[in-house]
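The structure presented is a predicted model; accordingly, all values stated were derived computationally and were not measured.
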Amino acid sequence: MDRALAGDLARLPELLQSVRDVAVREVNGMSERPVASLGPAPAPGPLPGEGVGAEAALARFTERWSPGFSGSAGPRYLGFVTGGATPASVAGDWLTSAYDQNGCAAVGSWAAALERETVGWLRELFGLGQEFGGAFVTGAAMSNTVGLAVAREWLGERLGVDVARDGVAALGPVDVLSGSPHSTIGKALSVLGLGRGRLRRVPVLPDNREAVDVAALDAALTGLDGRPAIVVANAGTVNSVDFDDLRAVAALRERHDFWLHVDAAFGGFAALSPAYAHLVAGLDAADSVCVDLHKWLNVPYDAAVQFTRRRDLQLAVFRNAAAYLGPPAGEPDFLHLTPENSRRLRALPAWFSLMAYGRAGHREIVERNVALARLLGERIAGIPGLRLLAPVRLNVVCFTLADRPDEERVTAFDRAVAAGGETFLTPTVYDGVRGLRAAFSNWRTSEEDVERVAGALASAVADVPGG
């Protein structure tokens, strides 16, 4: 055995204690860590010929690389839609690495059974029926891809084509309709061979809404002359967290033939709160559903779940035939349900967090984040030089400069905010106007953090040139 490796094995308890000490220091200091690191990273170094051992590697990491890691797991990182990692989910994630289970199959381990239990809990959390099967994937992009892959197979079923066997070309042109699709939908269509150009944007509701106009969707489907299609409904748009009327969209299937995929990456968590559950009413009418867990469930990257009521079609797409695997039978192994064969046990951190905090704990996170988003919206409305671009519907605040929000000035404002180190936001374009988004989904965020963010915004807007 390599000398450094043998030494690490002999001192494994001490090594893990050292890593624990570093992790505790970093987590405890997360609230005061610069939210974003804007300086240049170190130049790449050469591959070591002889290893230095894990303790020395830890020392070199903390000296050379750790200072440049962002505070994205902290309470004032409001870019993208970024959760943190609850204490229980961190514990589960550490054990995931320690056990190092390949969750692809049920042979010789209970890991797959734990994933099935966790999927069942999530299905209940989001109000989906027992007919929905689910599996863990890496994130919303892969969850949308899996859902649309199953939809592609459904189209083949409708047209008398075996897409998994004969290829997507056998389908001919495919129509995919959506009001405000997330960018990952186009990416998924590209990966699946359906083509980004087949995504048709349907008009949305007036008055700066992002929710689809159901009457316009009805008309677009009528124009297909009975050809089966895919409809992507949105349960929480990225800019303003607008929700399609899922019940009304699903009701169109009385007259039209389409697969209903719902992108509920973070908006699906509205189901946890009685105050907001009406926003996702009708989610259980979908054929496939995307939910991203490293957002509002606050588990470590990477983790998402995909659901579908047509597991038979999912199996047709992803089954893997090999003598050492055996044919799928009964409850199919996860390697037959997602693109991956080998996969880490992503379910364990989610299992820990759901077991530790339950429905009530995660509901509290959702409701607190929504209240904090509204508080920031109120603060922004009172800051000279800023204005809201959209009402704060759930957990995202979309805003811009009050005067001349052109690309140059909004970019300068965004950079000034990031340079201050108090918070980090991401840019957007809403109704043709450039702006910024502040997305709340971290379990640690408090009213004090909101006041600090508001102060940072007020300081930064005062320094934007040309106001």
Side-chain angles (χ1 to χ4, degrees), residues 96 99-126 128-158 161-168 188 191-193 230 259-262 264 268 283-284 286-293 302-351 354:
T96 298
Y99 281 108
D100 196 25
Q101 302 287 284
N102 185 349
C104 70
V107 176
S109 172
W110 292 357
L114 181 140
E115 179 166 341
R116 291 193 180 97
E117 178 173 84
T118 310
V119 167
W121 291 353
L122 292 166
R123 182 174 56 220
E124 179 181 347
L125 201 68
F126 298 119
L128 301 175
Q130 292 290 327
E131 67 273 20
F132 283 88
F136 273 71
V137 290
T138 56
M142 188 52 66
S143 183
N144 280 327
T145 300
V146 171
L148 293 175
V150 183
R152 185 184 65 180
E153 199 68 16
W154 173 85
L155 287 172
E157 182 181 71
R158 281 292 194 268
V161 173
D162 187 338
V163 179
R165 183 192 64 199
D166 299 328
V168 69
V191 168
L192 295 169
I230 300 171
W259 177 277
L260 177 56
H261 175 76
V262 178
L283 184 65
D284 59 338
D287 297 298
S288 55
V289 178
C290 157
V291 183
D292 206 342
L293 303 179
D302 52 28
V305 66
Q306 59 77 215
F307 296 102
T308 183
R309 61 174 69 246
R310 290 298 305 272
R311 176 157 280 193
D312 59 322
L313 296 181
Q314 185 175 3
L315 188 62
V317 176
F318 295 108
R319 66 182 174 86
N320 194 2
Y324 67 92
L325 296 174
E331 184 71 30
D333 287 330
F334 288 111
L335 67 90
H336 297 297
L337 298 174
T338 68
E340 299 165 305
N341 268 17
S342 300
R343 57 209 291 276
R344 79 192 304 264
L345 186 56
R346 296 186 184 95
L348 189 54
W351 185 95
L354 291 168

A.B. asks: Which heavy atom of F318 sits nearest a heavy atom of A149, and at what distance?
C.D. replies: CZ-CB, 3.9 Å

A.B. asks: What I'd like to find out is whether the side chain of L283 reaches to under 4.5 Å of the side chain of V262, using heavy atoms alone.
C.D. replies: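 Of all side-chain heavy-atom pairs linking V262 with L283, at least one is under 4.5 Å.
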
A.B. asks: Within the structure provided, determine whether R309 and L128 are in side-chain contact (heavy-atom separation under 4.5 Å).
C.D. replies: no

A.B. asks: Measure up the W259 and W154 rings against each other and bin them: parallel (under 30°), tilted (30 to 60°), perpendicular (over 60°).
C.D. replies: tilted

A.B. asks: To the nearest 0.5 Å, what is the distance between CG on N320 and CG on L337?
C.D. replies: 11.5 Å

A.B. asks: Would you call F334 and R116 a side-chain contact if the rule is heavy atoms closer than 4.5 Å?
C.D. replies: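 In short, these two side chains touch, coming nearer than 4.5 Å.
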
A.B. asks: Any side-chain donor paired with an acceptor under 3.5 Å for Q314 and T308?
C.D. replies: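 Not at all, the side chains of Q314 and T308 share no donor-acceptor pair under 3.5 Å.
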
A.B. asks: Are any of the side-chain nitrogens in R310 or E153 under 4.0 Å away from the carboxylate oxygens of its partner?
C.D. replies: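 Salt bridge: no.
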
A.B. asks: Counting only N and O atoms by type, is there a donor-acceptor contact under 3.5 Å from the side chain of R152 to the main-chain atoms of V163?
C.D. replies: no

A.B. asks: As a quick check of understanding, evaluate side-chain contact (heavy atoms from CB on, under 4.5 Å) for L122 and V291, giving each step before the final call.
C.D. replies: CA-CA 10 Å; L122 292 166; V291 183; over 6 Å; no

A.B. asks: Going through the checks in order, is the side-chain contact (heavy atoms from CB on, under 4.5 Å) test met by E340 and T138?
C.D. replies: CA-CA 10 Å; E340 299 165 305; T138 56; 4.0 Å; yes

A.B. asks: Carefully, step by step, assess N102 and R343 under the rule side-chain contact (heavy atoms from CB on, under 4.5 Å).
C.D. replies: CA-CA 6 Å; N102 185 349; R343 57 209 291 276; 4.3 Å; yes

A.B. asks: Does some side-chain heavy atom of R346 sit less than 4.5 Å from a side-chain heavy atom of E115?
C.D. replies: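 They are not in contact (no side-chain heavy atoms under 4.5 Å apart), so the answer is no.
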
A.B. asks: For V168 and G193, work out which heavy atoms get closest and say how close.
C.D. replies: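 Here V168 and G193 meet closest at CG1-O, 3.7 Å.
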
A.B. asks: Using every non-hydrogen atom in the two residues, find where A111 and S109 come nearest and quote the distance to one decimal.
C.D. replies: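 That closest heavy-atom pairing would be N-OG, 3.0 Å.
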
A.B. asks: Can you find a heavy atom in the side chain of L148 that is under 4.5 Å from one in the side chain of I230?
C.D. replies: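 L148 vs I230: side chains touch.
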
A.B. asks: Per the side-chain contact (heavy atoms from CB on, under 4.5 Å) rule, which among V137, V191, D292 passes with M142?
C.D. replies: V137

A.B. asks: To the nearest 0.5 Å, what is the distance between CG on L125 and OG1 on T118?
C.D. replies: 12.0 Å

A.B. asks: If you compare all heavy atoms of A264 against all heavy atoms of V289, which two are closest, and at what distance to 0.1 Å?
C.D. replies: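 The pair with the smallest heavy-atom distance is CB-CG1, 4.4 Å.
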
A.B. asks: Can you give me the closest heavy-atom contact between A164 and A316, atom names plus distance?
C.D. replies: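 Here A164 and A316 meet closest at CB-O, 3.4 Å.
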
A.B. asks: Are R311 and H336 close enough that some pair of their side-chain heavy atoms sits under 4.5 Å apart?
C.D. replies: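 They are not in contact (no side-chain heavy atoms under 4.5 Å apart), so the answer is no.
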
A.B. asks: Measuring only between side-chain heavy atoms, which start at C-beta, is L345 closer than 4.5 Å to F136?
C.D. replies: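 No, side chains not in contact.
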
A.B. asks: Does some side-chain heavy atom of R319 sit less than 4.5 Å from a side-chain heavy atom of P332?
C.D. replies: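 They are not in contact (no side-chain heavy atoms under 4.5 Å apart), so the answer is no.
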
A.B. asks: Taking all heavy atoms of A188 and all of T145, pick out the closest pair and write down the distance.
C.D. replies: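 Shortest heavy-atom separation between A188 and T145 comes out as CB-OG1, 3.4 Å.
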
A.B. asks: Could you go step by step and tell me if V150 and H261 meet the side-chain contact (heavy atoms from CB on, under 4.5 Å) rule?
C.D. replies: CA-CA 10 Å; V150 183; H261 175 76; over 6 Å; no

